[in-house]
Protein chains: 2
Amino acid sequence: MLKKRNVMTIGTLARTAGVGVETVRYYQRRGLMSEPEKPYGGIRHYDEQALARLHFIRASQWLGFSLDEIGELLTLQDGDHCDEARELGEQKLTSVRRKISRLQQIERALNELVQKCSSGHGDVYCPLMASLNDGVEDATTDKHKVR
Amino acid sequence: MLKKRNVMTIGTLARTAGVGVETVRYYQRRGLMSEPEKPYGGIRHYDEQALARLHFIRASQWLGFSLDEIGELLTLQDGDHCDEARELGEQKLTSVRRKISRLQQIERALNELVQKCSSGHGDVYCPLMASLNDGVEDATTDKHKVR
DNA sequence: ATTGCTTCCGTAGTGAGGTACGGGTCTAAG
DNA sequence: CTTAGACCCGTACCTCACTACGGAAGCAAT
């Protein structure tokens, strides 16, 4: 008993996955998804696999992988390359942890500044601005790229 | 006794602040820094104020302000607008905290996946890939923008 | 005086991840 | 049968923060 596969147009596919039609087409152009053959003169249809692929991409993106990295992951898809996949995962984990601690530093600094601003309200000058003018105490000590 | 002010060329200024010459010129075009008058047919010189401005910009950037927001901050520079500045700071603080908790979620998920990958090594399939294929457990439940 | 590094200045390109547009074709509802 | 709404497709445009390019002119040392 062959259950007829859930067939969708690109619009339905996109809506179901919560992305825009243009985004799906963009992923196709990037080579992250294949374009199904189109029936002569007609409209392409997409199945569950396409939807799964879209989920894969969004899930990976959510984990901080770039589209290029996702492309890499996709070449490892058969499950035979667990080590490579884990390696990529570990790299991401490291970079996520770096980001977290940088943001925590920033949070502490910003919090302190805002606190000062709220309390010492008698003065004429603004402590936040003052700190920014001084370079936020050792924030600019790392003179590297901010990006 | 007038101490002759520390005068720099754009190159020295940039190097001192740890940015590129092009970056300084870019900030000028963006209206974040002024261009000093140039002596007839000659080379512009920059003083400590310009350097301070550059520090201000980098410090603010480090705190997560965009160049547009930094422009706003700069219009509040006189210190008479402490409330507005604090308001901006608080907004940033909120967004930084959001980012942190999002990243912490990601960290937990990624860590778990990598752990699984390292341990259960007898199977043929890769747990990381498997999870990505399933959508990372409720990661894709929030079907919104990843950006 | 010649080499060689800066500076000056405008314009254009980069990368990441899309989003928008416009003209043409299909399909489904009324 | 007409019309509204998808779809198809290529190309152009967007944001953000830079970065590069290229030619002319200045300045410092040899």
Side-chain angles (χ1 to χ4, degrees), chain A residues 7-47 50 54 56-74 92 95 99 143-147, chain B residues 7-47 50 54 56-74 92 95 99 143-147:
Chain A
V7 154
M8 297 171 272
T9 69
I10 195 173
T12 313
L13 173 69
R15 238 171 294 112
T16 310
V19 305
V21 169
E22 303 302 329
T23 304
V24 174
R25 297 193 1 84
Y26 174 68
Y27 291 163
Q28 292 173 336
R29 285 196 304 268
R30 293 275 306 230
L32 298 176
M33 299 187 59
S34 54
E35 282 186 87
E37 292 304 312
K38 79 169 170 183
Y40 305 97
I43 277 171
R44 299 175 203 284
H45 32 59
Y46 297 82
D47 59 8
L54 225 28
F56 181 97
I57 295 172
R58 299 308 269 192
S60 307
Q61 256 188 323
W62 183 81
L63 288 175
F65 292 96
S66 72
L67 295 186
D68 276 355
E69 288 168 325
I70 294 170
E72 275 182 76
L73 283 171
L74 285 167
K92 261 311 139 196
S95 98
K99 277 185 203 164
K143 295 221 180 280
H144 329 25
K145 313 264 136 183
V146 168
R147 299 174 92 173
Chain B
V7 154
M8 297 171 272
T9 68
I10 195 174
T12 314
L13 173 69
R15 238 170 294 115
T16 309
V19 305
V21 168
E22 302 303 328
T23 305
V24 174
R25 296 194 1 86
Y26 174 68
Y27 291 162
Q28 293 174 335
R29 287 195 303 265
R30 293 275 307 230
L32 298 176
M33 299 185 61
S34 54
E35 282 186 86
E37 292 303 313
K38 79 168 168 182
Y40 304 99
I43 277 170
R44 298 176 205 283
H45 33 57
Y46 297 82
D47 59 8
L54 226 28
F56 180 98
I57 295 172
R58 299 308 267 192
S60 307
Q61 259 188 318
W62 183 80
L63 287 174
F65 292 96
S66 71
L67 294 186
D68 276 355
E69 288 168 325
I70 294 169
E72 275 182 75
L73 282 172
L74 284 167
K92 263 309 140 193
S95 100
K99 277 186 204 165
K143 294 223 181 281
H144 327 24
K145 312 262 136 185
V146 168
R147 301 174 89 173

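Reckoned from all heavy atoms, side chains included, excluding hydrogens, waters and symmetry mates. Letters A, B, ... are given to chains in the order of the sequence lines, protein chains preceding strands, and every chain is numbered from 1.
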Of Ile57(B), Val19(B), Leu32(B), the residue whose pairing with Val24(B) passes side-chain contact (heavy atoms from CB on, under 4.5 Å): Val19(B)
Phosphate OP1/OP2 of dC18(D) contacted by Gln61(B) side-chain N/O (<4.0 Å): yes
Scan nucleotides 2-11 of chain C nucleotide by nucleotide, 5' to 3', and note B when protein non-hydrogen atoms come under 4.0 Å of the base, S if they reach only the sugar-phosphate, - if neither. -----SSBBB
Hey, is the main chain of Met8(B) close enough, under 3.5 Å, to the side chain of Thr12(B) for a donor-acceptor pair? no
Whole angstrom value for the distance that separates C1' of dG18(C) from CG of Asp68(A): 14 Å
Look only at the side chain of Lys92(A) and the backbone of Phe65(A), and say whether a donor-acceptor pair between them is shorter than 3.5 Å. no
Salt bridge (Lys or Arg N to Asp or Glu O under 4.0 Å) partners of residues 23-37 of chain B, not counting sequence neighbours, each pair once: Arg30(B)-Asp68(B), Glu35(B)-Arg44(B)
Calculate the interatomic distance between Leu32(A) atom CG and dA16(C) atom P; express it in whole Å. 13 Å
Compare side-chain N and O positions of Tyr27(A) against OP1 and OP2 of dG17(C) and report whether any pair is under 4.0 Å apart. no
Passes side chain to side chain contact (heavy atoms under 4.5 Å, CB included), Tyr46(B) versus Val7(B)? Steps please. CA-CA 6 Å; Tyr46(B) 297 82; Val7(B) 154; over 6 Å; no
Nearest-angstrom distance from the residue atom CE of Met33(A) to P of dG17(C): 17 Å
Given atom OH of Tyr26(A) and atom P of dG18(C), what is their separation to the nearest angstrom? 7 Å
Starting at CZ of Arg58(B), measure out to OH of Tyr27(B) and round the result to the nearest 0.5 Å. 4.0 Å
Going through the checks in order, is the side chain to side chain contact (heavy atoms under 4.5 Å, CB included) test met by Leu67(B) and Gln61(B)? CA-CA 7 Å; Leu67(B) 294 186; Gln61(B) 259 188 318; 3.7 Å; yes
Check whether Ser60(B) reaches the backbone of Phe56(B) with its side chain - one donor and one acceptor, N or O, closer than 3.5 Å. yes
Using OP1 and OP2 only, check whether a side-chain N or O of Thr23(A) sits under 4.0 Å from dG17(C). no
Estimated bend of the helix from dA1(C)-dT30(D) to dG30(C)-dC1(D) (axis per five terminal pairs, rounded to 10 degrees): 10°
